[in-house]
Amino acid sequence: MTQVRLRFSPAPTGFLHIGSVRTALYNWLQARHVGGTFILRIEDTDVARSTQESVDQIQQVMHWLGLEWDEGPYLQSARFDAYLAAAAKLVDAHLAYECYCTEAEVKERNEQAMREGRPPGYGGQCRDLTAEERAARAAEGRPVSIRFRTPDEGRSTFTDVIRGEVSVDWSTISDFVIVRSNGTPVFFLANAVDDVDMQITHVLRGEDLIDSTHRVLALRHALGHDDQPVYAHMPLILGPGGGKLSKRHGAVSVEEYRDAGYLPEALTNYLALLGWGPDDGREVLTVDEIIAEFELERVNTSSATFDPKKLEWMNGEHIRARPLPELVSAVLPFARTRYGARLDIGRFERAVELAQVRATTLVQIADQMAFLFTPDEEIEIDPASLEKATKAERAAEILDAVIEFVEGCEWTAEIDPRHAIEALGVKPGKVMHILYTAIEGRGQGLPLFDSIGMLGRESSLRRLRALRARL
RNA sequence: GCCCCGUUCGUCUAGAGGCCCAGGACGCCAGGUUCUCAUCCUGGUAACACGGGUUCAAAUCCCGUACGGGGUGCCA
């Protein structure tokens, strides 16, 4: 039995899109599920658009998500010789040819064809040039690219694990460029050569590449390799409302989710469920559970709409599932940037514990504890909460009673002032928002009794009196 | 335009001819628990795109139409 080898092969031309991450994830899952090898291959054949920054970013994001690779990163830009040698071999065998048409000419012809209602595509102008004709064009100073000659008839067919048999008429696929006039190889060529050289056994990628597979396979065949890797084209991820997932739907890069307080395991869990699910219907899963249950054959055929709401819910589930110490370390960076030197670790850990059951993002957790690290005189009271508190019936009376209680009570971790309120004949539940406003600056937040306990008697009294003074 | 792929609640999905007048989850709505908010619990809402076949029987198979997505690049 041959070793299973998969690769994730992004083009480093920008941030890593959510859709690309899902592709990386599925490749990684399949590799881990069967004990295969996961390879990272950077497809930077388009030198003009590729950036080192993007190469670095891809790796950072994959580390953060836990998608560790076993080989690579291999850079295609370091293997141009291999691709160009393959191209030369194809030209020698008359399976590819030198093309002297300029980009502008090709573009113009395509537009012309569209206007006349004919299908666009390269017309084969340079297919059968004689040596003299080639020399003449070269003498004119025309640029030279290399085109692969596709069959004029017949059908191209391959089997897709997810979709079954996929086929297309060769007549609809015109000759395509495999080496640009600037001498750099194109995706189809590099992809075909590398998948052979790196002994890739399974190709998992987005449905948008389904048509290109015919071309890659034809190249592979022309280069003398009739064996094929297993292909699986996964459904695309759409934005809310259909169409491409884009900025206006919220974040589309992993960094944005990381910075918004999402846990990597929540993101991978949610993304794994977009197009796949275990057969028992469970949804909140650990990575190990997903690896154990992942089946390529169970991947869906239809595209899925990205739902930020469900992701947020799932993030909350994973926040609750994390052991407290691990949640604490995840929230810490967010708290540091917010509270800096004022951060008190003891209070911080307790606050995270109190917030764990009620938050859906790490940012929420960090924000909810703001009142603990803000000096009494700098507490900003939320306007809406203040208005509600000041308009509440008997607010002054209630605050006076609570102040008196806090002044004299025995101090413990949880200070419960409800008796003082009940003594006035008032139901505590209805007026607690007044106390939350005084202590935390908002009508709701971390549990009040613990909050007062953490703040201490003096600080709590200053805050209660400050609000009393504003009534 | 042409080619490819797809189509079950608003969204993610279960469903591989009878178990389905379609199940779960998110969201939403209504109750309950609770010191607030949230969590949590209970209940409710809501779908087989359409039209033809095949079959004793179709969400499930076939054909067509509509709709959606992708491709048609010297991007990947």
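Here is how names work: the chains are called A, B, and so on, in the same order as the sequence lines, proteins then strands, and each is numbered from 1.
In terms of position on RNA chain B, the residue among A/Y436 and A/T13 whose nearest nucleotide sits closer to the 5' end is A/Y436. Of the two residues contacting RNA chain B, namely A/M114 and A/P185, the nearest-nucleotide position lying further toward the 5' end is that of A/M114.
Nucleic acid contact class of A/L209 (heavy atoms, under 4.0 Å, all strands): base. Backbone-only contact: A/S167 has heavy atoms under 4.0 Å from sugar-phosphate atoms and none from a base. Counting any heavy atom pair closer than 4.0 Å across all strands shown, A/R155 reaches sugar-phosphate atoms only and no base atom. In this structure, A/E317 reaches the sugar-phosphate backbone alone: every heavy-atom distance under 4.0 Å involves primed, P, OP1 or OP2 atoms, never a base. Residue-level contact check: A/G275 touches the backbone only, with heavy atoms under 4.0 Å from sugar-phosphate atoms and none from bases. Here A/R49 lies in heavy-atom contact (under 4.0 Å) with a base. Nucleic acid contact class of A/D450 (heavy atoms, under 4.0 Å, all strands): base. Note on A/E207: a base of the nucleic acid sits closer than 4.0 angstrom, heavy atoms only. Heavy atoms of A/P447 sit under 4.0 angstrom from at least one base atom. Note on A/T301: only backbone sugar-phosphate atoms sit closer than 4.0 angstrom, heavy atoms only; bases stay farther off. In this structure, A/F188 reaches the bases: a heavy-atom distance under 4.0 Å links it to at least one base atom across the strands shown. In this structure, A/T45 reaches the sugar-phosphate backbone alone: every heavy-atom distance under 4.0 Å involves primed, P, OP1 or OP2 atoms, never a base. Contact annotation for A/G445: base contact, defined as any heavy-atom pair under 4.0 Å involving a base atom. Residue contacts for A/N300: at a heavy-atom cut-off of 4.0 Å it reaches the sugar-phosphate backbone alone, with no base atom in range.
Listed by chain and number, the residues in a side chain to side chain donor-acceptor pair (under 3.5 Å) with A/E207 amount to none (sequence neighbours excluded).
In this structure, B/G44 forms a base pair with B/C28, meeting either the Watson-Crick or the G-U wobble geometry with both donor-acceptor distances under 3.5 Å. Nucleotide B/G18 forms a pair with B/C56, judged by Watson-Crick or G-U wobble geometry with both contacts under 3.5 Å. Shown here, B/C35 forms no base pair; nothing in the strands shown gives a Watson-Crick or G-U wobble contact with both key distances under 3.5 Å.
Using a cut-off of 4.0 Å between Lys/Arg side-chain N and Asp/Glu carboxylate O, A/D416 and A/R418 are scored as salt-bridged. Under a 4.0 Å N-O distance rule, the pair A/D44/A/R49 does not qualify as a salt bridge. Between A/E140 and A/R137 no salt bridge is recorded (no basic side-chain N to carboxylate O distance below 4.0 Å). Under the 4.0 Å criterion applied to side-chain N and carboxylate O atoms, A/E353 and A/R350 are assigned as salt-bridge partners.
If you check the side chains of A/Q112 and A/E116, you find a donor sitting under 3.5 Å from an acceptor. Between the side chains of A/Y74 and A/Q76, no donor-acceptor pair is found at a separation under 3.5 Å.
On the nucleic acid side, RNA chain B contacts chain A at distances under 4.0 Å to non-hydrogen atoms, with the end points of that region at B/G1 to B/A76.
A/Y436 and A/L448 get closest at one heavy-atom pair: OH-N, 3.2 Å.
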